[in-house]
Structure formats: C-alpha cells, structure tokens
S.K.: 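Okay, here's the structure, questions in a sec.
Quick caveat, the model's predicted, so the values are computed rather than measured. Residues take their numbers from the sequence shown, with the count starting at 1.
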Amino acid sequence: IDENDIWAVGEIYTADDKYNAAHWDGEKWELMKIFIKGYFYPLKTIFSFVKTDIWVANLTIMHFNGKNIDYYTTPPLDENGHAHRINKIWGTSSSDLYVVGNNGLIAHYNGQEWQRIESGTDLPIQDILGAFNKETGKYEILCVASNEYNNYGKKIINIENKKATFIQDDGLPWSLRSIWFIPDRVYYVCGSGIFFNKSLHNHWKEVGKNIQFYSKYIKGFDFNDIFIVGAFGLVSHYNGIHWFQYLNKAWDAFNGAYYCLDYKRNLMVAVGEKLDQSINTKAVILIGRKK
C-alpha cells in the first residue's frame, strides 16, 4: 500500500505456531493469523485498493479491513460442483473484481453476486491484469494460462464484456506465469523466458536472453521501468535498454525462488522462499527502493 504498510500472505511456520500473513509497519514485520469463519487456512493471493479495502483468497475470496475478515464469498462452482484454487485477484474496485485460478477459473464479482466467465480452457490461469486503454476508454484485461511444469499447452486470454477469447500466442513457450502491459504500446509475458509484443496481433519476440533463470512474475511502472523476479533469487530491472540483474550474496548456493512482486512509485517488494544450510525452507521478503 505504501512503504509503511506492506502485506504478504502465504503459509508461514515458526517453531511454535503457524501464520498466513505478514505485515510491515515501516519498522518491523509482524506475523499474523487471518481467520476465516473461525478456521485458519493458508492464503494464496492478496490485492488491495486502500488500507481498509483488501481482498485475500484461497478457495474462497475474503474482504479484509486490515484487522480481520469482515466478509467472505465463494466464486461459482464449476459444472461438476467443484471449487478451484484462486491464483490471482485484479479489479478496479470491490464492486468490479475478477479472480482467476486452477481448472480455467475466471469469475467476476459486482459487489453482490458472482458471474462465472467461461475461459475455454482447463489450464491453470496463473495471472490476470487490467489496464486502462485511453484510445478505447475501456479497461483491457488479459490473463495467462499454462501448467508451469508440464506441457499441456498455453493460452493468452482477453476478457471483454464478461466474455473470454484467446489471443494469438505465436512465439511463446508452453510455460507461462505472468503478464504486464500498457495497452496498444507494450505487452510482456514471462515464464520460460521473457517475451515482448507491441500489438496483440503480432508474433511474440523473446527479450532479455541473458537472463537464464525461470521468471515467475513481472510488474512495471512504465515501458522503461519494469521488474521481474523468479527462480534462484532472480531479480532483474529493465530501463528501456538493458535488463540489469541484481545479485544478492545472501542467495549464494541458493535453492528457491521469488514468486511474486509489487511495484509502485519508488518501492519494489518481492516474496518467496529459500532453503537454508539445514535444508529448511525459509520465507523471504525483499524490499527495494530507488535512490
């Protein structure tokens, strides 16, 4: 939210207890438990509008006011009556909210009820992003779908008027994880490589070929100000000309990854995990500031 109000969610264990959230107040991290109907669950993703208007999700999506869950709701079940894990949340407000997830889940929430959007695929939908298109006066909303570890295909999905259609994906690999774009200007997809397009009708081209590790998330502020994070402690920034890789000595002999990031104004925060020397997995949060 700002440099003194940062949230991360997941599944965190200490020697004495377990948690599903962490909050930074500008001076220290506090591990927290966010309870859902009196029960404790790991959380998969988080999305905020302001400090009292936050959404978190696993199988259920819940409104969090910064202190506790005050509202929860479940996206529509599939045709077999199954709920599927939510991977990402995006929206313009709490009455215009999208979730995507496993088995092709796409659903929209208008503040009162859910509408399931048929995605046309049963692939896990890994990421969703919307950006305002000044030319059309509408939000352009795109998703990426693939199985990260097995070649079951790939999809780039456009959501318009609550309908999903496939975008051409020539030139992309089968393993996709994240998307970031400025409508009608630049489009980036990452996963097994970083790929660029100026138009959704063109062939995708690989960029940043010097980056050898799998990239798990991409987020930008402008066409010449973009971060990616990924496997083996990958953190790289694009300045419009070059991809610069940050090397962190603390990640020597590292086994793990950064899984997600947020980037706004002069602050970048990435979350992930690594193995320590005793082969225990440790949660890691990286904060970067512009000088």
S.K.: Is the gap between the ring centers of Y98 and H108 under 6.0 Å?
M.R.: yes
S.K.: Is a side-chain N or O of S178 found less than 3.5 angstrom from the main chain of I218, in a donor-acceptor match?
M.R.: yes
S.K.: Taking the side chain from N58 and the backbone from P42, do they hold a donor-acceptor pair closer than 3.5 Å?
M.R.: yes
S.K.: Report yes or no: does W90 contribute a side-chain atom to a donor-acceptor pair with the main-chain N or O of I128 at less than 3.5 Å?
M.R.: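 No, because the side chain of W90 does not come within donor-acceptor range (under 3.5 Å) of the backbone of I128.
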S.K.: Among side-chain atoms of S95 and S93, is any donor-acceptor pair under 3.5 angstrom?
M.R.: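 Yes, side-chain donor-acceptor contact under 3.5 Å.
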S.K.: Say you draw a straight line from CH2 of W174 to OG of S192; how long is it, rounded to the nearest 0.5 Å?
M.R.: 7.0 Å
S.K.: So do the side chains of Q245 and N210 get within less than 4.5 Å of each other, counting heavy atoms only?
M.R.: yes
S.K.: Would you find a donor on one side and an acceptor on the other, under 3.5 Å apart, between the side chain of Y19 and the backbone of A21?
M.R.: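 Answer holds: no.
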S.K.: One pair to check against salt bridge (charged side-chain N to carboxylate O under 4.0 Å, His left out): K282 and E273. What are the steps and the verdict?
M.R.: CA-CA 5 Å; K282 301 280 188 174; E273 64 180 2; over 6 Å; no
S.K.: For G191, is there any backbone N or O sitting under 3.5 Å from a side-chain donor or acceptor partner on S215?
M.R.: yes
S.K.: With no hydrogens and no angle check, just 3.5 Å: does a side-chain donor-acceptor pair link D170 and H203?
M.R.: no
S.K.: Measure up the Y71 and W55 rings against each other and bin them: parallel (under 30°), tilted (30 to 60°), perpendicular (over 60°).
M.R.: perpendicular
S.K.: Any chance the side chains of D184 and N133 put a donor and an acceptor closer than 3.5 Å?
M.R.: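 The answer is yes; a qualifying pair exists.
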S.K.: Using modelled atom types only, decide if a donor and an acceptor are shared between the side chain of T14 and the backbone of D16 within a distance under 3.5 Å.
M.R.: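 Side chain of T14 to backbone of D16, a donor-acceptor pair under 3.5 Å: yes, one is there.
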S.K.: State, without any angle test, whether N102 and N87 hold a side-chain donor-acceptor pair at a distance under 3.5 Å.
M.R.: yes
S.K.: Can you label the angle between the Y187 ring and the F181 ring as parallel, tilted or perpendicular, going by 30° and 60°?
M.R.: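 The arrangement is parallel - the two ring planes meet at less than 30°.
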S.K.: Assess the side chains of Y217 and Q126: does a donor N or O sit below 3.5 Å from an acceptor N or O?
M.R.: no
S.K.: Would you check, one step at a time, whether the test side chain to side chain contact (heavy atoms under 4.5 Å, CB included) holds for W243 with V207?
M.R.: CA-CA 9 Å; W243 289 94; V207 296; 4.0 Å; yes
S.K.: When you measure from the side chain of D127 to the backbone N and O of I179, does any donor-acceptor pair fall under 3.5 Å?
M.R.: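 Indeed, once roles are kept as given, a pair shorter than 3.5 Å links the two residues.
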S.K.: Can any side-chain N or O of N197 pair as donor or acceptor with the backbone N or O of L200 at less than 3.5 Å?
M.R.: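 Between the backbone of L200 and the side chain of N197 there is no qualifying donor-acceptor contact (under 3.5 Å).
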S.K.: Verify the distance criterion only: is there a donor paired with an acceptor across the side chains of H237 and D225 at less than 3.5 Å?
M.R.: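 There is such a pair (donor and acceptor under 3.5 Å, judged by atom type) between the side chains of H237 and D225.
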S.K.: If we count only N and O atoms by modelled type, under 3.5 Å, do the side chains of N65 and T52 hold a donor and an acceptor together?
M.R.: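 Looking only at side-chain atoms, T52 and N65 do not form any donor-acceptor pair under 3.5 Å.
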S.K.: E11 and Y41: side-chain donor and acceptor closer than 3.5 Å?
M.R.: no
S.K.: Out of curiosity, L59 CG to T74 OG1, how far, rounded to the nearest 0.5 Å?
M.R.: 8.0 Å
S.K.: Between the side chains of Y214 and S175, is a donor N or O closer than 3.5 angstrom to an acceptor N or O?
M.R.: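 There is such a pair (donor and acceptor under 3.5 Å, judged by atom type) between the side chains of Y214 and S175.
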S.K.: Go through the side-chain N and O atoms of W114 and T73 and say whether any donor and acceptor fall under 3.5 Å apart.
M.R.: yes
